[in-house]
Student: 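Below you will find the structure I want to go over with you.
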Protein chains: 2
Amino acid sequence: MAKTNKTRYALLGVLTLRPCSGYDIKKFCDNHLNYIWSENYSHIYPVLRQMELEGLVTKITEHTEGRPVKNVYSISEKGKAELNDWLLLPIEPYSFRSELLLKIFFSGDIPLTNIIEKLEAKLDSDKQMLEYHEKIEQMLNTELRDRKETYLWRAVLSYGRHNARATITWCEETIQYLKELAEQEKL
Amino acid sequence: MAKTNKTRYALLGVLTLRPCSGYDIKKFCDNHLNYIWSENYSHIYPVLRQMELEGLVTKITEHTEGRPVKNVYSISEKGKAELNDWLLLPIEPYSFRSELLLKIFFSGDIPLTNIIEKLEAKLDSDKQMLEYHEKIEQMLNTELRDRKETYLWRAVLSYGRHNARATITWCEETIQYLKELAEQEKL
DNA sequence: GTATCCATGTAACCAGTTACATGATTGC
DNA sequence: GCAATCATGTAACTGGTTACATGGATAC
């Protein structure tokens with residue numbers, strides 16, 4: 001069997017929070033799950049249709065004047081059951097792949113300045129990630145504070161923070177280290 | 001164009017270190033790149049053959065008595081050039097996905113004990129990862145110490161260490177936090 | 001008048017996974 | 001006698017990406 005399709009569970013998960021269109025789901029992933037999960041339209045729409053056929057979700061088509069037609073999906077009892085079964089299963093082994101680390105590993109003949117540039121880009125993006133976490137944190141303390149899942153979302157957020165900080169520290173250390181090496185080479 | 005095939009660069013990279021068979025490459029990935037990159041045979045072999053056709057690698061078939069035939073590949077000048085071009089390019093944006101975090105995010109109706117189990121499994125695997133890092137560290141200080149790329153490998157290893165430690169801390173904190181919650185619920 | 005947002009999809013492609021197939025040698 | 005290692009591959013599948021296609025409404 002091929003790797004189980006996790007997209008369906010991600011979509012079902014979002015639908016437990018509230019009924020959504022494909023467009024809403026995409027927005028939710030981009031705005032709230034960005035640092036955990038990502039999806040794109042061309043995967044969301046077919047999976048939603050497939051799940052409708054399987055009876056995991058139900059569709060209602062909304063017509064509003066002056067707006068495009070909107071297909072709003074809700075999770076069914078069957079869908080909830082399937083999601084629950086999956087949530088209980090242990091985590092499948094995951095093969096980590098990092099283009100950045102792979103490149104550095106084989107960069108013996110690449111100018112140090114080029115490697116440093118890559119590290120600085122990574123540093124930037126992880127700093128931005130931390131700011132993004134701040135925003136989510138604030139949301140957890142305001143509009144989302146009364147949802148029963150808040151404590152879990154806080155835990156998930158905390159993972160992102162720990163790892164972003166670790167990466168930032170590593171970037172800074174490594175940039176420093178490579179810069180010192182570059183200095184020595186010049187002498 | 002679909003996401004560029006990074007497997008070829010990983011294979012080319014390994015071949016810059018020494019000529020290898022597909023089997024050797026797989027072993028190298030498992031033993032040395034485990035925390036950066038992974039490959040499996042059914043991808044390695046076709047990609048090697050493809051790269052041979054493109055003139056990026058050359059093949060020599062070794063016949064040794066009492067052993068299976070071994071196809072040893074070496075990187076060509078053209079292959080080195082292609083690898084180099086890729087190494088110089090900036091890192092492509094990467095969409096992070098974590099099954100563990102996704103599950104936790106949607107585990108509002110799942111028993112806390114189940115979530116804690118998953119965290120303990122993650123904690124274990126990251127502790128093992130740290131031990132594995134120790135081994136590589138020792139290799140860097142002994143048999144690999146005279147290779148010119150050692151300083152880069154050290155940097156890569158350091159990433160793994162920083163992130164494993166961050167994850168371990170997060171797991172411990174979160175387990176603690178959930179256990180306290182579970183206690184409160186019992187009261 | 002231009003960019004962004006809302007909204008839904010199809011077509012084509014391909015990277016990577018799982019399962020299958022084979023067989024000799026070495027170490028416990 | 002059994003498991004692990006050495007060694008190479010094919011077949012089938014599918015998840016996910018990119019590119020393409022459309023078009024009205026709203027904000028600047």
Side-chain angles (χ1 to χ4, degrees), chain A residues 1-12 19-31 33 37-54 57 59-73 86 92-99 102, chain B residues 1-12 19-31 33 37-54 57 59-73 86 92-99 102:
Chain A
M1 191 180 46
K3 222 169 179 172
T4 53
N5 182 350
K6 280 155 201 161
T7 291
R8 52 193 304 131
Y9 302 113
L11 303 193
L12 287 173
C20 282
S21 66
Y23 190 84
D24 295 334
I25 291 177
K26 167 71 171 156
K27 257 196 1 196
F28 186 84
C29 289
D30 288 349
N31 294 335
L33 298 180
W37 206 258
S38 67
E39 290 292 348
N40 43 270
Y41 292 127
S42 39
H43 209 202
I44 291 174
Y45 289 117
V47 170
L48 279 175
R49 187 161 23 105
Q50 178 58 31
M51 291 202 297
E52 196 197 351
L53 290 176
E54 291 175 36
V57 297
K59 181 172 79 177
I60 293 171
T61 304
E62 272 181 14
H63 300 268
T64 315
E65 218 171 321
R67 307 217 134 225
V69 168
K70 192 171 175 174
N71 297 318
V72 178
Y73 292 86
W86 178 72
E92 284 179 27
Y94 168 72
S95 54
F96 178 72
R97 283 183 157 198
S98 161
E99 188 192 338
L102 186 70
Chain B
M1 190 181 45
K3 218 169 179 174
T4 53
N5 180 351
K6 280 157 201 159
T7 291
R8 51 193 304 133
Y9 303 113
L11 303 193
L12 287 173
C20 281
S21 66
Y23 189 84
D24 295 334
I25 291 177
K26 168 72 170 153
K27 257 195 5 194
F28 187 84
C29 289
D30 289 349
N31 294 335
L33 299 180
W37 207 258
S38 68
E39 291 293 348
N40 43 270
Y41 292 127
S42 38
H43 209 201
I44 291 174
Y45 288 118
V47 170
L48 278 175
R49 189 163 18 107
Q50 179 57 32
M51 291 202 296
E52 197 198 348
L53 290 176
E54 291 176 35
V57 297
K59 181 173 79 176
I60 293 173
T61 305
E62 272 181 15
H63 300 268
T64 315
E65 218 170 323
R67 307 219 132 224
V69 168
K70 193 170 176 174
N71 297 319
V72 178
Y73 292 86
W86 178 73
E92 284 179 27
Y94 168 71
S95 55
F96 179 72
R97 283 180 157 200
S98 161
E99 188 191 339
L102 186 70

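Just so you know, these numbers come straight off a predicted model, no measurement behind them. Every chain is numbered from 1, with letters handed out A, B, ... down the list of sequences.
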Student: If you look at every heavy atom in B:Gly22 and B:Leu48, which pair is closest and at what distance?
Tutor: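 Between these two residues, the closest heavy atoms are CA-CD1, 3.7 Å.
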Student: I'd like to check B:Trp37 versus A:Phe96 (side-chain heavy atoms, cut-off strictly below 4.5 Å). Are they in contact?
Tutor: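 B:Trp37 does not reach A:Phe96 side chain to side chain.
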Student: What's the CZ-P distance between B:Arg8 and C:dC14, to the nearest Å?
Tutor: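 Answer to the nearest Å: 12 Å.
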Student: Within less than 4.0 Å of OP1 or OP2 of D:dT17, is there a side-chain N or O belonging to A:Asn40?
Tutor: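 Looking at the OP1 and OP2 atoms of D:dT17, one of them is under 4.0 Å from a side-chain N or O of A:Asn40.
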Student: Whole angstroms only, please: what is the CG-P distance between B:Asn5 and D:dG16?
Tutor: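 B:Asn5 atom CG is separated from D:dG16 atom P by 18 Å.
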Student: Quick one: does B:Val69's side chain get under 4.5 Å of B:Glu62's, heavy atoms only?
Tutor: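 The answer is no; the side chains never approach within 4.5 Å.
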Student: Specify the closest pair of heavy atoms between A:Glu52 and A:Lys59, including all atoms of both residues, with the distance to one decimal.
Tutor: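 Taking A:Glu52 first and A:Lys59 second, the nearest heavy atoms are OE2-CB, 3.6 Å.
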Student: Protein-nucleotides 6-8 of chain C N/O pairs closer than 3.5 Å?
Tutor:
{"from": "C:dC6", "atom 1": "OP2", "to": "A:Tyr23", "atom 2": "OH", "distance (Å)": "3.0"}
{"from": "C:dC6", "atom 1": "O3'", "to": "A:Arg67", "atom 2": "NH1", "distance (Å)": "3.2"}
{"from": "C:dA7", "atom 1": "O3'", "to": "A:Val69", "atom 2": "O", "distance (Å)": "3.4"}
{"from": "C:dT8", "atom 1": "OP1", "to": "A:Asn71", "atom 2": "N", "distance (Å)": "2.7"}
{"from": "C:dT8", "atom 1": "OP2", "to": "A:Tyr23", "atom 2": "N", "distance (Å)": "3.1"}
{"from": "C:dT8", "atom 1": "OP2", "to": "A:Tyr45", "atom 2": "OH", "distance (Å)": "3.0"}

Student: For A:Ser21 and A:Asn71, does a side-chain donor sit closer than 3.5 Å to a side-chain acceptor?
Tutor: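 Side-chain D/A pair, A:Ser21 to A:Asn71: absent.
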Student: Please determine whether a side-chain nitrogen or oxygen atom of A:Ser95 lies at a distance below 4.0 Å from atom OP1 or OP2 of C:dG16.
Tutor: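 No, outside the criterion.
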Student: Over how many whole Å does the gap from A:Met51 atom CE to D:dG15 atom P extend?
Tutor: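 Taking atom P of D:dG15 as the reference, CE of A:Met51 is at 13 Å.
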Student: Calculate the interatomic distance between A:Gln50 atom CD and D:dG15 atom C1'; express it in whole Å.
Tutor: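 Atom CD in A:Gln50 sits about 13 Å away from atom C1' in D:dG15.
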Student: Taking five pairs at each end, how big is the angle between the two axes of the helix from C:dG1-D:dC28 to C:dC28-D:dG1, to 10°?
Tutor: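 The value is 50°.
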Student: Within this structure, what is the OG-NZ distance for the pair A:Ser98 and B:Lys6, rounded to the nearest 0.5 Å?
Tutor: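 The NZ atom of B:Lys6 is 9.5 Å from OG of A:Ser98, to the nearest 0.5 Å.
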Student: What is the nucleic acid contact for A:Thr7, judged by heavy atoms within less than 4.0 Å: base, sugar-phosphate only, or nothing?
Tutor: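 If one applies the 4.0 Å heavy-atom cut-off, A:Thr7 turns out to touch the sugar-phosphate alone, with no base involved.
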Student: In whole angstrom, give the distance that lies between atom CG of B:Asn31 and atom P of D:dC6.
Tutor: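 Nearest whole value for this atom pair: 10 Å.
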Student: Are A:Arg97 and B:Glu39 close enough for a salt bridge, meaning some N to O gap below 4.0 Å?
Tutor: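 A salt bridge is present here (some side-chain N lies under 4.0 Å from a carboxylate O).
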Student: Indicate yes or no: at least one non-hydrogen side-chain atom of A:Asn40 is less than 4.5 angstrom from one of A:Tyr45.
Tutor: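 No, too far: nothing below the 4.5 Å cut-off.
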Student: Which atoms form the tightest heavy-atom contact between B:Leu11 and B:Ile44, and what is the distance?
Tutor: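 Here B:Leu11 and B:Ile44 meet closest at CD1-O, 4.0 Å.
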Student: How many Å lie between CZ on B:Phe96 and P on D:dG16, as a whole number?
Tutor: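 The distance from CZ of B:Phe96 to P of D:dG16 comes to 15 Å, rounded to the nearest Å.
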Student: Find the distance B:Lys26:NZ to D:dA4:C1' and express it as a whole number of Å.
Tutor: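 That distance rounds to 15 Å.
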Student: Could you tell me how far apart B:Glu39 (CD) and D:dT8 (C1') are, to the nearest whole angstrom?
Tutor: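 Spelled out: CD on B:Glu39 to C1' on D:dT8 is 16 Å.
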Student: By nearest nucleotide on DNA chain D, pick out whichever of B:Arg97 and B:Arg49 is the more 5' one.
Tutor: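 With B:Arg97 and B:Arg49 compared, the 5'-side residue is B:Arg49.
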